[in-house]
Amino acid sequence: MKAAYFYGVGDIRIEEVEIPKISEDEILIKVKSCAVCGTDLRISKFGHFKIPQGTKRVLGHEIAGEIVEVGSKVKGYTVGMRVATPPNIGCGTCPACIQGFNQMCPDYEAFGISLDGGFQEYMKIPAYAIKAGNVVKIPDGLSFEEASIAEPLSCCYNSYKALNTVPGDTVLVIGAGPIGALHVMMNKLAGATKVIAADISQDRLDEMKSLGADVVVNSAQTDLAEAVKKETNGAGANVIITACSVPDLQRQALEMAAVHGRINFFGGLPKGKEEVTLNTNLIHYKELIALGTTGSSISDYYKSLQIIASGKVNAKALVSATFSVEDTVKAFEFAAAGKGMKALVVSK
Ligand SMILES: [Zn+2]
Ligand SMILES: [Zn+2]
């Protein structure tokens, strides 16, 4: 089979390797679709602390596929079953795991990071991932391509739960990449009265309009704070999501928030730039809630799959280009160019 191995910064090689062998308590899937995530791009550029130097690793964690082999001791799964695999595998015994926050497990393993992921034709699922609930059946009628969007949607669903968007809210999403687009869709679904999307790329903003944003603001040309004021009759936004890694926007978000506004610092900041000076009097006098969310739990993932299957989030509209495993590097280049939305690595 073909597999795309990450060898180190900027070094991804396509190799012909043996199909992984499974033991009696493991599952083998044929990967049908794996979407390229910003995390994959970051790992290929900067590496990852869970991928020690000298290790080769198949990246890709937004995975959907079909079961082709089931170990004799595995229960509940059969050959031919269509499954998606939430990437973060918790230890199952720590306080975070016991409360259902497997993504917060200090000892997590993850497909595409500490385990070989989806940019290969076949993927082995270890016993502990099966036991931890990381193999989820894809609802009937949902394509593999759409199912592979469940992972990024689940991170936006986790954000939505924390922000609790309700009808009447004006939501500002800063960053019009694929994640920004999913935040727009998720908040529209939650009943937001107006969703404003902001970015400096006009291409992406144009796309955002067709994906459901009510208003788009090109912050390279227009003062974002002024635009938000205008769109909210001076009140500010009720919900603000920073789906980007620009430190100053976190500071600005507090200023653009309405009284009782909720702000999610969704995008992490680059190392060395994570200390931001915030005017905490804005939090105090406007009674703001400033919070963060990261990743998603298996529960968030499961719900996101059902949401996509319901057609209420149009995952298909996010798929901009598909590539074969052999062209994984091209898929990365497409995603890094920031033109379309999601690049998918697919196989028949
Ligand atoms: Zn992802
Ligand atoms: Zn744990």
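Order of appearance sets the numbers: ligands from 1, and atoms from 1 within every ligand.
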Which N, O or S atoms belonging to the protein are less than 2.8 Å from the Zn ion (ligand 2)?
-> C91 SG, C94 SG, C97 SG, C105 SG
Indicate whether any N or O donor in one side chain lies under 3.5 Å from an N or O acceptor in the other, for N88 and Q103.
-> no
Taking the six-membered ring of F332, is NZ or CZ of K45 closer than 6.0 Å to its centre and within 45° of its axis?
-> no
Output for pair (H260 NE2, D169 CG), nearest 0.5 Å, gives 13.0 Å
Determine whether L182 and L305 fall in the same hydrophobic cluster, where Ile, Leu, Val, Met, Phe, Trp and Tyr are linked whenever their side-chain heavy atoms lie under 4.5 Å apart.
-> yes
Of all heavy-atom pairs between S304 and Y157, which one has the smallest distance, and what is that distance?
-> OG-CB, 3.7 Å
Quick one: do K209 and D206 make a salt bridge, cutoff under 4.0 Å?
-> no
Examine K330 relative to F323 and say whether NZ or CZ is less than 6.0 Å from the centre of the six-membered ring and inside a 45° cone about the ring axis.
-> no
Any Lys/Arg nitrogen of K2 or E16 sitting under 4.0 Å from an Asp/Glu carboxylate oxygen of the other?
-> yes
Look at E226 together with K230 and state whether they make a salt bridge at an N to O cut-off of under 4.0 Å.
-> no
Sorted by chain and residue number, which protein N/O/S atoms are under 2.8 Å from the Zn ion (ligand 1)?
-> C37 SG, H61 NE2, E62 OE2, E151 OE1
